[in-house]
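The block underneath contains the structure these notes are about, expressed in structure tokens.
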Amino acid sequence: MAGDGIIDLTDFNNLFRTNQNALTNQIQLLVLSACKTAEGDRKSALGIAGVTVNSRINNTIASLWSVNDESTSILMSQFYKKLNQFSESYENGNINISQALRAAQIFLIEQGKRNPRYRHRHPYHWASFILLENAL
């Protein structure tokens, strides 16, 4: 969904299609934090996220199933916080997106260990998000 309507996979693919300027116009990270953005069907094995594999996007984070709004908000907040911390600590400018995602997921688990009523420790809340790295 976009602000002005539905975007189908063809339109989405056209937004990020590889072109002659792809090497100079790389997108380092696309986060698809909505529900089921990595769930596929017959046309696209990895759903919306699968479209990014043949594009100029280097890394995509997407979800495998419907996600909880509250836990996703916490997870994404922690992810960006960790991503910022990791990027500041790397002298060569490379950021480790997988470490930042892992740290955010561990944060939710740890919160549940400290407070048994904190329900976000269940894998439903943190395991949905995967990282797709473009090897092209």
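Within the model, atoms OG of S98 and CD1 of I61 stand 9.0 Å from one another, a figure rounded to the nearest 0.5 Å. Within the model, atoms CE of M76 and CG of L101 stand 7.0 Å from one another, a figure rounded to the nearest 0.5 Å. Note that CZ of F107 is 7.0 Å distant from NZ of K81, once rounded to the nearest 0.5 Å. Separation of atoms CG (L131) and OG1 (T60) is listed at 8.0 Å; rounding is to 0.5 Å. Annotation: the span from Q111 atom CD to Q78 atom CD amounts to 7.5 Å, rounded to 0.5 Å.
Using a 4.5 Å cut-off on side-chain heavy atoms (C-beta onward), F129 and T72 make contact. Side-chain atoms of F79 and I97, non-hydrogen and from C-beta on, do get closer than 4.5 Å to each other. The closest side-chain heavy-atom distance from L83 to L29 is below 4.5 Å.
Using a distance-only test at 3.5 Å, with no hydrogens or angles considered, a donor-acceptor pair links the side chain of N59 to the main chain of Q28.
Using the six-membered ring where Trp is involved, H122 and H125 have ring planes that are perpendicular, over 60° apart on the 30 and 60° scheme.
When all heavy atoms are compared, the tightest approach of W65 to Y124 is NE1-O, 3.2 Å. The minimum heavy-atom distance between S128 and V67, with the atom names listed, is OG-CG1, 3.5 Å.
Within the structure, no pair that satisfies the salt bridge (Lys or Arg N to Asp or Glu O under 4.0 Å) test touches residues 96-108, not counting sequence neighbours.
I106 and Y80 end up in different hydrophobic clusters when Ile, Leu, Val, Met, Phe, Trp and Tyr side chains are linked at under 4.5 Å.
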